[in-house]
Amino acid sequence: MVDGKDLFSHFREHSVAEFFKKNKQMLGFSGKVRSLTTIVHEAVSNSLDACEEAGIVPEIKVEVKELGEYHYSVKIEDNGSGIPKSHLGKALGQMLAGTKFHRYVQQRGQQGIGIAAVSMYALLTTAQHPHAISYYKDKKISCEISMDFKTNKAELLNLIEEDNKEGKHGLTYEAEFKDVEYKKSDQGIFEYLRRTALANPHAQITLTEPNNETIVFPRAIQENPPRPKEILPHPLGVGAHDLLDLARAQKENRKISAFLQNALARLSANKVSELREIVKDVDFDKNPADLTWEEAEKIVQGFKQVKWIAPETDSIVPIGKEQIEKSFMNIFNPEVLAVTERSPKVYQGGVPFAIEAAIAFGGGIATAGKKGEIMRFANRVPLLFDAGGCALTEATKSVDWGRYNLKQFEEEPIVVLINFVSVYVPYTGAGKQAVAQEEDIMDEIKNAVMEAAREVQKYISGKKKAHEIETKRKVISRYIEQLASDVTDLAAAKNKNEIKKKLEKIIEEKYSQGGEGEEEKEDIPEHEEERVKEDDESEEE
Amino acid sequence: MSDKTAIEKLEGLGKKMVKEIEKEEGPTFETTLRTKSNTIYDEGVGCLRMGDKKELRKFLSVAQARTFMQTVAVAAKTKKFIKEDLHASIRSLFYQLKFSLGEDIDEDMFSEQQESNALIEDLEVALGIKREDLHLTTERKGVVAGPIIIKDKFGGEESTIDGTAMGRSGWGIPSDVDNDIDFKTTAKYVLVCEKDAMWQRLNEDKFWKKENCLLITPKGQSSRGTRRLLRKLADKKLPIYCFMDCDAWGWYIYWTIKTGSMNLAYLGMDFAVPEAKFIGVTMDDIEEFKFLQKLTIRAKDVDLKRAEEMLGYPWINRHKEWVRNLKLVASTKKKIEQDALQGERLTFVGEYIKQKIEGKEWLP
């Protein structure tokens, strides 16, 4: 177990609460159903990351209660390491203070505004303070979280600190929200958690719905995935905005030149000299804290003209073929399942990423009422919104499904899972729900989906063939009784039953799996179209 | 064909299938391919017949299983008819076989008569047997009058029919003139007259008495019975003269009598009368008998289409006289009915026919 203290030394402060208050839709708080999903998403992502960082297999409980019209309470409980009292306020009530923001590692959340934004939303809609219980080491801390939107400072109210008598660990976060709605739709919490469970087979997730029904998505794998290696951002993977954030968040370096070398991968002193030549109007000796947006943009443009060594690819940790298989069997139990295992690729000339694709068909997929569904994930996080402009959706739809016996893709009992794995996911917006349609990404997704589709097709065509053979057997079998009787009469024979049994045996042998039932080519000379018909010869009335 | 032979053929088919089943093979039977491409005009004898192409019908083929089962059912049923010495129309055969295949099977043995009709043809070809031999009857359509004495063994009794004593109606030609029927005739020739109305005219005129001929009308397209009777009369060396409308349809009726039809080509010489001659009405008659010029009517699209088809048949277009007449129909878009010959005088028809036969003014 990793020491929590070490983890929380990364906290930094930003005074941006006021900005986000005005732009809450950017964070996913638009629409009642979506807002509730965002709340659960932020909390569950944090919980999963916290558990994994602490080396604990996650067990997460989500409970939603309806308090009134569009008025709910949500409780999220995890079994992570808990949060020490000193960091509780920052962790739950201070924007851009998260552990993740300043570390370049493949993680679920990328901007660290998550749960603080949820707290903010609770306060804005209900004026009720979110409540937290943290079991951290030998302490149990209960408190309410208060936020000052102007100064972006959090304050803990009604704090009770006790001995951790139960010896538990983890965080329970509970808050009330208005202007939200629980719906069992494709964009609701149920589907979000089901997909989260699908992409995180090491987690056990329990949902208690407003009607008091409890659904458990059981753990399929008993150990956590390996931790992704933390790496510095690659110059080709950062935007002006990222660069600016990085610059403002650090205090160690007094000069931009030193900051760049320490904050970015593959950026040596030699490369800084190259950049100085390319971006002449930026003073690389000035303090990074004074870096302007325009300067950051110019530097990022300059990055593109330098030849870089590609980033390390071992920063990428996919879910894994075997894990996805276990997970699908656990949650959907499909009739057929194909999962790809592909090596990482790069986009924008240097950002490593990997695509995992899985196609599940029939069986439990049909039972669950899924038809032609594309389940999108970025670093295991389900993307439920903005499907339209997303590379994952568009690339999947561009596949010629007819080639794989799945022409009616949208009507077939089929689920396509795509997990985009990268330290840097090129989202199209701050809502983090759609991946940009970069050409390299689109091509790789399409190839991965087609690889899985080929495997599924083999199964489907085999199944269709078996079905056809069975249909033929049935068609012919219905005439056995009559034919046996008439042949017996016609031949003036007496052994009708024996003839019938023989006929049954002949048909059974021909129309069985592995039988020759499928070769039916000589059937065609029925010459229907050529058959002479002279309607005006009324000789046979 | 005797009943005994017919039963032997049917049982032979059944026994072959039983043998196949006992060897654990799917039952089959072979039949001649009845397609346009396998229909041949036999120049030697002057009739249409089937070529050598065969097809194998297989119960184990999904596409054929149902018709196979039905064919065997028809065969078994007709065997029963023969054994019981009863005759059935193909319509009654259809009703005999229109039953459900089983309580749990939502399917009838036959649902439409069209289905059973085609199977009877299959069976005829496969066994080399005529449906009449299977005790299946077809509609009686033709009528004959004149010097013919018929002995008809039917329903356990034998009756003698005198073709000269049939009054205004004539003797209805049965569907089967081969089994249990004998006849003799003193006639010099046979006149086949397309339309019943014209036959009635000639009958009233006592044409058959004056000419000592047999007067037959098929009432349009000839029935199987009529065609068989004509064949048998031709076998007795009687010339067969045909008198039809001057249009593609009337001429086609003539050609069916002469060479057989493609539809029943598998019957070959049994149903063809290559000796038949066409005495009229022709397009040339319009020139020869001036009064006819006012009595032409407009050829319909079906007439023109039929004429064009006939021009494509090698057994017709080898005769330049026919090509000329068919082309005249197409170019003048005119036709003339045999009834038009009564335009001046009702009794002119007889004179016309006599002139044609005596002057040997006929088309091949």
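Chain identifiers are assigned alphabetically (A, B, ...) following the order of the sequence lines, protein sequences preceding nucleic acid strands; residue numbering begins at 1 within each chain.
- For B:Asp301, the CG atom sits in a loose shell: 12 or fewer heavy atoms of surrounding residues, nucleotides or ligands are nearer than 6.0 Å.
- Residue B:Arg140 qualifies as open at atom CZ: its count of foreign heavy atoms under 6.0 Å is 12 or below.
- Using a 4.5 Å cut-off between heavy atoms, B:Phe99 contacts chain A through its side chain alone, with no backbone atom that close.
- For B:Lys79, the part lying near chain A is the side chain, with the backbone staying farther off; criterion is any non-hydrogen pair under 4.5 Å.
- Within a 6.0 Å radius of CD in A:Glu322, other residues, nucleotides and ligands contribute 12 heavy atoms or fewer.
- Between A:Leu503 atom CG and B:Ile21 atom CD1 the span is 4.0 Å, to the nearest 0.5 Å.
- Between B:Phe59 and A:Ile507, the shortest heavy-atom distance links the atoms CE2-CD1, 3.8 Å.
- The distance from atom CD1 of A:Ile499 to atom CD of B:Glu22, rounded to the nearest 0.5 Å, is 6.5 Å.
- Of the possible donor and acceptor atoms, none in the side chain of A:Tyr479 sits under 3.5 Å from a partner among the backbone N and O of B:Thr67.
- For B:Glu25, the part lying near chain A is the backbone, with the side chain staying farther off; criterion is any non-hydrogen pair under 4.5 Å.
- Looking only at heavy-atom pairs under 4.5 Å with chain B, the residue among A:Asn495, A:Thr471, A:Leu483 that has the most is A:Leu483.
- Between A:Ile476 and B:Ala65, the shortest heavy-atom contact is CG1-CB, 3.8 Å.
- With sequence neighbours excluded, the residues that form a salt bridge (Lys or Arg N to Asp or Glu O under 4.0 Å) with A:Lys321 are A:Glu325.
- Each of B:Gly14, B:Gly225, B:Gly12 has some count of heavy-atom pairs under 4.5 Å with chain A, and the biggest count is that of B:Gly14.
- We find the CD-CD distance between A:Gln482 and B:Gln70 to be 10.0 Å, quoted to the nearest 0.5 Å.
- Between B:Leu60 and A:Lys510, the shortest heavy-atom distance links the atoms CD1-CD, 3.8 Å.
- Sequence neighbours left out, the pairs with a member in residues 63-76 of chain B that pass salt bridge (charged side-chain N to carboxylate O under 4.0 Å, His left out) are B:Arg66-B:Glu107, B:Arg66-B:Glu115.
- Contacts with chain B (heavy atom to heavy atom, under 4.5 Å) involve no residue of residues 401-411 of chain A.
- Few gaps surround NZ on B:Lys15; more than 12 heavy atoms of other groups in view lie less than 6.0 Å from it.
- Within residues 485-494 of chain A, the residues having any heavy atom closer than 4.5 Å to a heavy atom of chain B are A:Asp486, A:Val487, A:Asp489, A:Leu490, A:Ala491, A:Ala492, listed by residue number.
- Within 6.0 Å of the NZ atom in B:Lys16, the count of heavy atoms belonging to other residues, nucleotides or ligands exceeds 12.
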